[in-house]
Amino acid sequence: MMNKIAILLLIITALTSTLMANEPDSAYIFSYATTENSGRNGLHLAWSHDAVEWHNIGNRYSFVKSDYGNWGGQKRMVDPYMIRTDNGTWFCVWSVNESHNTFAWTKTENLMSWKPQDYPLLKTANCQRPVISFNNSDNTFTLTYISNEKYYSITTSDFKTFSETKEVQSSDYKTNTITKEMPEGNVSGQMFKVSWNEVDALIKFCGYKQYKNELANERTDKDGERFANLKPITATITAKPDMAKPISDMLIGIFFEDINYAADGGIYAELVQNRDFEYNVADTKGRNKEWNSLYAWNLAGEGATLGIDTTAPIHSNNKHYAVVNISNIGASIANSGFDGITIRNNEIYDVSLFVKQEEGKGGKIEIKLVTDDKTVLASKTITATSSKWEKKSVALTASADADNARLEITPKYIGKTTFDMVSLFPRNTFNGRKNGLRADLATTLADIKPRFIRFPGGCVAHGDGIENIYRWKNSIGPLEARVPMRNIWSYHQTLGLGFYEYFQFCEDIKAEPLPVIAAGVPCQNSAVGGAGQQGGIPIDEMDSYIQDILDLIEWANGDGKKTKWGKIRAESGHPEPFNLKYIGIGNEDLISDVFAERYSMICKAVKSKYPDIKIIGTVGPFFEGSDYETGWKLADELNLDMVDEHYYQTPGWYIYNQDFYDRYDRSKSKVYLGEYAAHLPRRPNNLETALAEALYLTSVERNGDVVAMSSYAPLLAKEKHTQWNPDLIYFNNKEVKPTVGYHVQKLYGNNSGNEYISSSIKLSDNNEKVTNRIARSFVRDSITGDIIIKLVNMLPVEVASKIELQNLVSDNTTATATIMTGNPADRNILPQTSDIKIDETFDYKMPAYSFSVIRISNTRP
Ligand code: AHR
């Protein structure tokens, strides 16, 4: 990877070429943080020529922000303390909050790029007002700090290993912290004398950042002013068939995560909510006190009780079950599903449940689908008499439509009966799979023609704290033996949609499976477990954790008869291997030492046992910064096949960063752009965001030799249960509502190629605000021989283009054009396709704010 800072400085210098005639040799800088925004604004710098009159650098730009703990609650920088060692490196430590037994440290050579950032654990209860000093003679740092009104110190040479903690006298606590009057008031921090060049570089760096920021914040709502004098644009676009290169044929995929009720209550077709009676208030982090074992269940009728027991469960992984004690026949329990149960006339619904007689002989139990007004939509009777757990199944055929039905269970006898794993599935699942997926949602995904599916997250993969890491083995086998768990997005995962079902769906839609496994660390924003990334899986448990990952590969690919895990897969119903080719290790992790140690162990073990499996590593949650840079460095060292980049940015960012991957070194790891989306204030998914994504994807196709895969995120969101916006597809129990962005993904997925054909463009207006808003890409699909041209116009005016195909057209060439166009704020634009007439050179008008896909068949090879 190129040295971005060096490039940045060159650009800064070029941008700010005015030379000062009379510059000082040196000046002062002052480093400080404020308590604004609960201390989350990070480290500011100010400069002064006389240490009296201070000037904020970059309008209080945050040179480094704390990345500790969870969003919303943590990420605080309290009392930062900065020093500079004799070799010029800057170090900064700070307290992360008032209660955790850790401190943060980071370093930089130039005050602009800080890395890594880490949080060593301390032996004391907390760490307040940390101060560091550096001893040149033995190259050690001494950290002195306060905890519960006592003073402590430790030494270290590398911030990895530390001396014993020593309690010291208050007189040993020596600090250079002073108070200075800034434009915003008095602040405390540290002052340093530096060369003027250093100050100058900081000022220019902030100027450059501000310039980039302004570009990134350009939105269509100001296009009226921005393009008030814009003349009609003409373009000549010329294909260069002699300059073609192979590109990835896997570019468009999907990323499925159980966020926004995407799985339970979403694509997983189970209609009973809390079928396992395992809901727990902890799933919602204590926020919803009603979220317990009886959530979504209720008891009706006189002379009956409904309770929960755990003494004799069907399986130890599934401890809770319902106990119904009936002394008056007629009482029933009912489940209201996820926002009601949607039933369709004449459809068959499969009910299954485990039942046991605790007291009494049992007898007949009526199973019904009923509406609010007590209309019975379907009814059947089972007989349950055993005092041991028995599985009973029955199929119900609905006699009418209903949107708000419930499943009612009515024992027709007096006695005490226990129930568990009460399930209701439509027979009509996607591809008719048992324990399958909602057909309408799964079809909508399949229609994208995704080349791969990444699952199960995202944050769900690495979890909120170590105990919440997703363990694939917990998600396979009989449903009653799976281990339900708290979902990091604050609800419940039954894991009914588990690895077997994910792999099967991939196979059904001919997409490569891409499972993501936590890199031995939980989410860097973990709210649970105290110190976020500090909570890596203990090293002495890593061997068994790694074995689980190797077992996954054997489970997916091993011989169904000869290997232990291959046999388990075969017994689940899939004798043939799934042919797994990719595995993701880590997700947006903080690239700390704790992470690096575990990640390296995993990657090396997988490479050594399964050299053909492509490992996709992680480089943090942003397109720049410490995790991105350190993550890439680590990927280089480990020689990883691919890394997973994530960035959610404004439409303006995508418009002005179309050269992002043109800058990448082709000899290094390939890129999986695993999560991206254009975000506007209030987070709509509208034509503006969709066009920004379409525009950026032309550059992804152009760089299809370095970007191997991409997936928009997040994918699914259930209305009224959405934790994150925008998403690609919204839905409720009855309807699927693909967004404008979905149609862009679908158009790319259905019109991909494996060869990129270069082209040139000549525009009548070369203002960068115009040129960056028009994009094109030519690809050839070698299977059909078709050539596909994608054209994006994000301007408020039409672009009249002349397209020169340069000998690609034959006598019987035909073409279609599919266009999405409208008002940038529109959320309901649908693509329109028509036949068009084309020739070697043809005219094509790109409407204002439009995405066009021209598909040309019967081309010349
Ligand atoms: O896509 C939603 C979330 O965004 C993912 O879980 C996580 O990886 C990212 O922060």
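Residue indices begin at 1 and follow the sequence shown. Remember, predicted model here, so these are calculated numbers, not experimental data. Just follow the structure's listing: the first ligand is 1, and inside any ligand the first atom is 1.
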N or O contact, Ile259 vs ligand 1, cut-off under 3.5 Å: no

Close N or O approach (Trp724, ligand 1; < 3.5 Å): no

Parallel, tilted or perpendicular, as decided by the 30° and 60° cut-offs, for the rings of Phe623 and Trp653: tilted

Over 12 foreign heavy atoms within 6.0 Å of NZ, Lys607: yes

Partner set under ring pair (Phe, Tyr, Trp, His ring centres under 6.0 Å) for Tyr261, not counting sequence neighbours: Tyr491, His721

Heavy atom of the protein closest to atom 1 (O) of ligand 1 (residue, atom name, distance): Tyr648 OH, 2.8 Å

Any Trp489 heavy atom less than 4.0 Å from ligand 1: yes

Atom 5 (C) of ligand 1: nearest protein contact (heavy atom, Å): Glu257 OE1, 3.3 Å

Side-chain heavy-atom pair Asp589, Asp627 within 4.5 angstrom cut-off: no

Identity and distance of the protein heavy atom lying nearest atom 4 (O) of ligand 1: Glu675 OE1, 3.0 Å

Residues which pass side-chain contact (heavy atoms from CB on, under 4.5 Å) with Glu467, listed by chain and number, not counting sequence neighbours: none

Protein contact to atom 10 (O) of ligand 1 [nearest heavy atom, distance to 0.1 Å]: Glu588 OE1, 2.8 Å

Sub-4.0 Å heavy-atom contact, Pro621 with ligand 1: no

Other residues, nucleotides, ligands: >12 heavy atoms within 6.0 Å of Lys449 NZ: no

Side chain, backbone, both or neither: the part of Asn587 lying under 4.0 Å from ligand 1 by heavy atom: side chain

Test item: side-chain donor near acceptor, Arg40 and Ser62, under 3.5 Å: no

